[in-house]
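For reference, the structure discussed in these notes is given below.
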Amino acid sequence: MNTKFRKIGVLTSGGDAPGMNACVRAVTRTALAHGIEVVGILGGYSGLLNNNMKPLGHNDVSNIVNRGSTFLYSDRCLEFKTEEGMQKAVQCCKDNGIDGIVCIGGDGTFRGATDLSNRGIPTIGLTGSIDNDITASDYTIGFDTAMNTVCEMIDRLRDTCESHARCNVVEVMGRDCGEIALRTGIACGAVAVAIPELPFDEAAAIAKIKELKAGGKRNMIVIVSEGLGKYSEELAKKIDAETGIETKFARLAHVVRGGNPTLRDRLTAAEMGTMAVKLMLEGKSNLVVVERNGELVSCDINYSHIVDRMYKNKLKEGDLDPYSEEEIASMKELCAYRKSEIERLYKIAADLA
Ligand code: ADP
């Protein structure tokens, strides 16, 4: 038995995602199998500020592998970002004998994890986000379920568009990442897709809709990513006015966050959860488990933040200082790959419209 880790905490934080439960279960059962106690920290980081947690035994994570939501609840906890809040959290870990924490969430959650590990509480981050918005990872837990939900909703809208010869502009979640919009755009046969990563040629989209209408097409689905703000509503009005096709607007919003996780999300959750505990047992900390080319690997949380900033052209002075030329080259390569994938998929979406 490992002597350093007698008890670990697990929490879910930030935007919830289907598969978080399966991930908590995997963390819990793997840890228990190694003789380590587990506590579930409730409500993300706020559970560390309010000492709100419960021990998790084998049966406490029964019957959740297939459930959406997160039974540990999630929260956006601002107090945790303050030095005072951070000290409270560290003290809470000490008082409860928590030797390390697995933090399931997105980018914000990983920042919190880094702050904790810098103050002596080892942390491992796992990517739980419906948006697939962690640049360092090809995949985030919840993405597949969210896309399947979007597909189901849009298939329904298409049915009714076909009956009435309508257009439906559908706004889907994704924060500043267009992955959900782009991939569901292809899968649902959208006539146009607008995402934050690439310029949207509105005139071309409207011309395409007119052309398709002239060719006899009755249903038109346009998908807009949430990252473009209120543009989706404006676009619906413009299409209606300029094409003469009755155009409805739908915002799928939080409906996409719920529902039972797909097999893909359950499997990834199981594998990532298992790996997090193994890394912790190896004495590792401040790492995030990511998927690259179909394999799970780990990378430094700071590396994950910096590569994300690089991808979004938001690098700050000095960000790259801790990294070798080789590491910087690999970051650039990853960003170029992400961009090229978006462009490749965007072209497929356009070609198939
Ligand atoms: P996500 O993890 O999905 O990106 P948020 O950005 O809301 O979601 O972050 C989740 C939580 O992580 C926040 O409510 C806060 O408690 C913590 N957090 C976010 N950013 C920071 C930060 N810069 N420093 C410390 N903690 C943070």
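Here, residue 1 is the first one in the sequence, and each next residue gets the next number. Fair warning: this is a prediction, and the values are worked out from it, not measured in the lab. Counting convention: from 1, in listed order, for ligands and their atoms alike.
- Interface atoms of ligand 1 facing R175, defined by a heavy-atom separation under 4.0 Å, are 1 (P), 3 (O), 4 (O).
- Under a 3.5 Å cut-off, the side chain of Y346 and the backbone N or O of V193 do form a donor-acceptor pair.
- The closest side-chain heavy-atom distance from T127 to Y139 is not below 4.5 Å.
- In summary, of the residues considered (V10, N21, D16), a side chain to side chain contact (heavy atoms under 4.5 Å, CB included) with L72 occurs for V10 alone.
- Close approach of ligand 1 to G106 (heavy-atom distance below 4.0 Å) involves ligand atoms 1 (P), 2 (O), 3 (O), 4 (O).
- The shortest heavy-atom distance from S13 to ligand 1 is under 4.0 Å.
- In terms of N/O distances under 3.5 Å, ligand 1 is approached by T109.
- Geometrically, ligand 1 and Y45 share no nitrogen or oxygen pair separated by less than 3.5 Å.
- Applying the 4.0 Å criterion to heavy atoms of F80 picks out, from ligand 1, the atoms 16 (O), 26 (N).
- In terms of protein heavy-atom proximity, atom 12 (O) of ligand 1 is closest to G108 O, 3.3 Å.
- Considering backbone and side-chain N/O of G15, one or more are found under 3.5 Å from N/O of ligand 1.
- Atom 15 (C) of ligand 1 has its closest protein heavy atom at C77 O, 3.3 Å.
- Remark: minimum distance from atom 25 (C) of ligand 1 to any protein heavy atom is reached at D115 OD2, 3.0 Å.
- Side chain of T123 to main chain of S285: no donor-acceptor pair is present (N/O by atom type, distance under 3.5 Å, no hydrogens or angles).
- A donor-acceptor pair shorter than 3.5 Å can be found between the side chains of S46 and D75.
- Although no hydrogens or angles enter the test, the distance criterion places no donor-acceptor pair under 3.5 Å between the side chain of D155 and the main chain of E152.
- Formation of a donor-acceptor pair under 3.5 Å by the E202 side chain with backbone atoms of L235 is not found in this model.
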